[in-house]
Asker: 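So that we are looking at the same thing, I have put the structure below in structure tokens.
Remember, it's a predicted structure, so these values are computed and weren't measured experimentally. Keep in mind that the numbers below use all heavy atoms, side chains included, and drop hydrogens, waters and symmetry copies. Heads up: numbering here begins at 1 and tracks the sequence.
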Amino acid sequence: SKLLGSDTAVFVGVMSVEFREVLPQANVYAMTGTGHCFAAGRLSYVFGLHGVCEAIDVACSSALVACHNAHRALSMCEGREALVAGVNMMFVPATLEGYAMAGLTSPSGKSFVFDARANGFVRGEGCGAAVVQVAGTEVKGIVVGSAVRQDGRSASLTAPNGRAQQLLLNAVLADASMTPAQLQLVEAAANGSALGDPIEA
């Protein structure tokens with residue numbers, strides 16, 4: 001009730017559209033339950049929010065880019081807070097089968113990231129959400145900088161580009177007004193492949 005009519009923004013990172021595969025085509029929810037825009041729009045509708053409302057689909061980094069967009073929106077004074085969420089749900093085996101045929105997933109069902117045994121990733125599902133504020137009373141963390149880039153040309157569509165990754169890290173450090181020496185922790189994500197992991201590292 002406190003948020004009703006406020007300029008609170010909503011940014012939802014979402015990639016999968018498998019839900020439409022389990023709905024009858026003549027079902028009213030097939031239209032309002034399968035488009036990415038509805039994942040964000042429904043939250044604004046239910047809570048009565050008038051701020052920016054976006055669904056972001058950039059594959060595996062959708063939730064991170066949603067956080068970046070929220071950070072940018074708040075920095076540009078487009079509101080004092082934003083709801084940021086990321087969601088991925090698995091409903092049908094066809095998607096997993098497609099990834100497997102492309103050789104992207106681990107045949108063992110285990111992901112060995114940054115490991116000599118790396119042979120693919122493992123899919124997962126879940127939903128996470130957080131409130132990002134310009135100034136809050138219950139601070140869990142502070143976003144001091146963010147940046148988004150694309151790998152462009154690389155060994156394959158799913159393989160990272162080392163130079164592009166370096167440019168991204170430099171952009172984040174510049175946005176945060178930090179030097180590499182000031183970093184205290186680095187959290188990395190990779191696709192668990194012999195090709196991609198060394199580049200990510």
Side-chain angles (χ1 to χ4, degrees), residues 11-22 34-36 39-40 54-72 84-130 132 141 143-176 178 180 183-201:
F11 297 91
V12 177
V14 55
M15 175 184 166
S16 176
V17 292
E18 295 181 25
F19 186 52
R20 72 172 51 142
E21 303 297 325
V22 299
T34 57
H36 290 167
E54 290 183 3
I56 295 99
D57 178 0
V58 288
C60 305
S61 58
S62 295
L64 284 173
V65 175
C67 186
H68 167 80
N69 288 2
H71 176 62
R72 283 290 185 265
V84 179
V87 61
N88 183 60
M89 301 299 291
M90 300 184 295
F91 290 95
V92 294
T95 305
L96 181 58
E97 290 167 357
Y99 284 136
M101 286 190 294
L104 300 175
T105 54
S106 171
S108 64
K110 296 180 179 179
S111 185
F112 300 100
V113 176
F114 300 126
D115 190 304
R117 298 170 292 172
N119 61 2
F121 69 87
V122 178
R123 291 189 75 205
E125 63 179 2
C127 176
V132 180
V143 178
V144 294
S146 67
V148 172
R149 296 290 188 274
Q150 223 285 346
D151 281 309
R153 289 185 179 175
S154 57
S156 71
L157 179 64
T158 59
N161 176 318
R163 179 60 183 151
Q165 297 284 327
Q166 292 172 11
L167 293 172
L168 169 65
L169 293 174
N170 287 334
V172 172
L173 289 168
D175 187 58
M178 294 178 66
L183 297 177
Q184 296 178 328
L185 172 70
V186 174
E187 182 176 332
N191 57 13
S193 72
L195 169 65
D197 282 13
I199 301 173
E200 293 280 4

Asker: Any idea which heavy atoms bring P198 and S193 closest together, and the distance?
Answerer: CD-O, 3.9 Å
Asker: Please examine the side chains of E200 and F114, heavy atoms only from C-beta on, and report whether any two atoms are closer than 4.5 Å.
Answerer: yes
Asker: Is there side-chain contact between L96 and M90, with heavy atoms separated by less than 4.5 Å?
Answerer: no
Asker: Do L173 and P180 make a side-chain contact, defined as non-hydrogen atoms from C-beta onward lying under 4.5 Å apart?
Answerer: yes
Asker: Do T95 and E21 make a side-chain contact, defined as non-hydrogen atoms from C-beta onward lying under 4.5 Å apart?
Answerer: no
Asker: Run the side chain to side chain contact (heavy atoms under 4.5 Å, CB included) check on S62 and V14 step by step: do they pass?
Answerer: CA-CA 6 Å; S62 295; V14 55; over 6 Å; no
Asker: Taking all non-hydrogen atoms of both residues, which atom of P160 and which atom of D151 are closest, and how far apart?
Answerer: CA-OD2, 3.7 Å
Asker: Which distance, rounded to the nearest 0.5 Å, do you find between the CE of M89 and the SG of C127?
Answerer: 8.0 Å
Asker: Using modelled atom types only, decide if a donor and an acceptor are shared between the side chain of D175 and the backbone of S146 within a distance under 3.5 Å.
Answerer: yes
Asker: Does some side-chain heavy atom of E54 sit less than 4.5 Å from a side-chain heavy atom of V12?
Answerer: no
Asker: Under the side chain to side chain contact (heavy atoms under 4.5 Å, CB included) criterion, do V22 and V92 qualify, and how do the steps go?
Answerer: CA-CA 8 Å; V22 299; V92 294; 3.9 Å; yes
Asker: State, yes or no, whether a side-chain contact exists between I56 and N69 at a heavy-atom distance under 4.5 Å.
Answerer: yes
Asker: Where do S16 and H36 come nearest, in terms of heavy atoms and distance?
Answerer: O-NE2, 3.7 Å
Asker: Do L183 and M178 come within less than 4.5 Å of each other through their side chains, counting heavy atoms only?
Answerer: yes
Asker: Say you draw a straight line from CZ of R149 to CG of L169; how long is it, rounded to the nearest 0.5 Å?
Answerer: 10.5 Å
Asker: Donor-acceptor pair, distance only, cut-off 3.5 Å: does the side chain of S154 make one with the backbone of A159?
Answerer: yes
Asker: Looking at L64, is its backbone amide N or carbonyl O close enough to the side chain of S61 to form a donor-acceptor pair, meaning the two atoms are under 3.5 Å apart?
Answerer: no
Asker: Return the minimal non-hydrogen interatomic distance between S106 and V122, and the atom names on each side.
Answerer: CB-CG2, 4.3 Å
Asker: Within the side chain of D197, is there an N or O that forms a donor-acceptor pair under 3.5 Å with the backbone of V113?
Answerer: no
Asker: Hey, mind stepping through Y99 and E97 against side chain to side chain contact (heavy atoms under 4.5 Å, CB included) and telling me if it holds?
Answerer: CA-CA 5 Å; Y99 284 136; E97 290 167 357; over 6 Å; no
Asker: For A164, does its backbone N or O pair with a side-chain atom of N161 as donor and acceptor, under 3.5 Å?
Answerer: yes
Asker: Could you tell me if the side chain of V58 sits less than 4.5 Å from the side chain of Q150, heavy atoms only?
Answerer: no
Asker: What is the ring orientation for F19 with F91, classed by angle as parallel under 30°, tilted 30 to 60°, or perpendicular over 60°?
Answerer: tilted
Asker: Quick check against the 3.5 Å criterion: does R117 have a side-chain atom that pairs as donor or acceptor with the backbone of S111?
Answerer: no
Asker: Spell out, as yes or no, whether a donor-acceptor pair under 3.5 Å connects the side chain of N88 to the backbone of G124.
Answerer: yes
Asker: Could you tell me which non-hydrogen atom of A63 sits nearest to which non-hydrogen atom of V84, and how far apart they are?
Answerer: O-CG1, 4.3 Å
Asker: Return the minimal non-hydrogen interatomic distance between A55 and A40, and the atom names on each side.
Answerer: N-CB, 4.0 Å
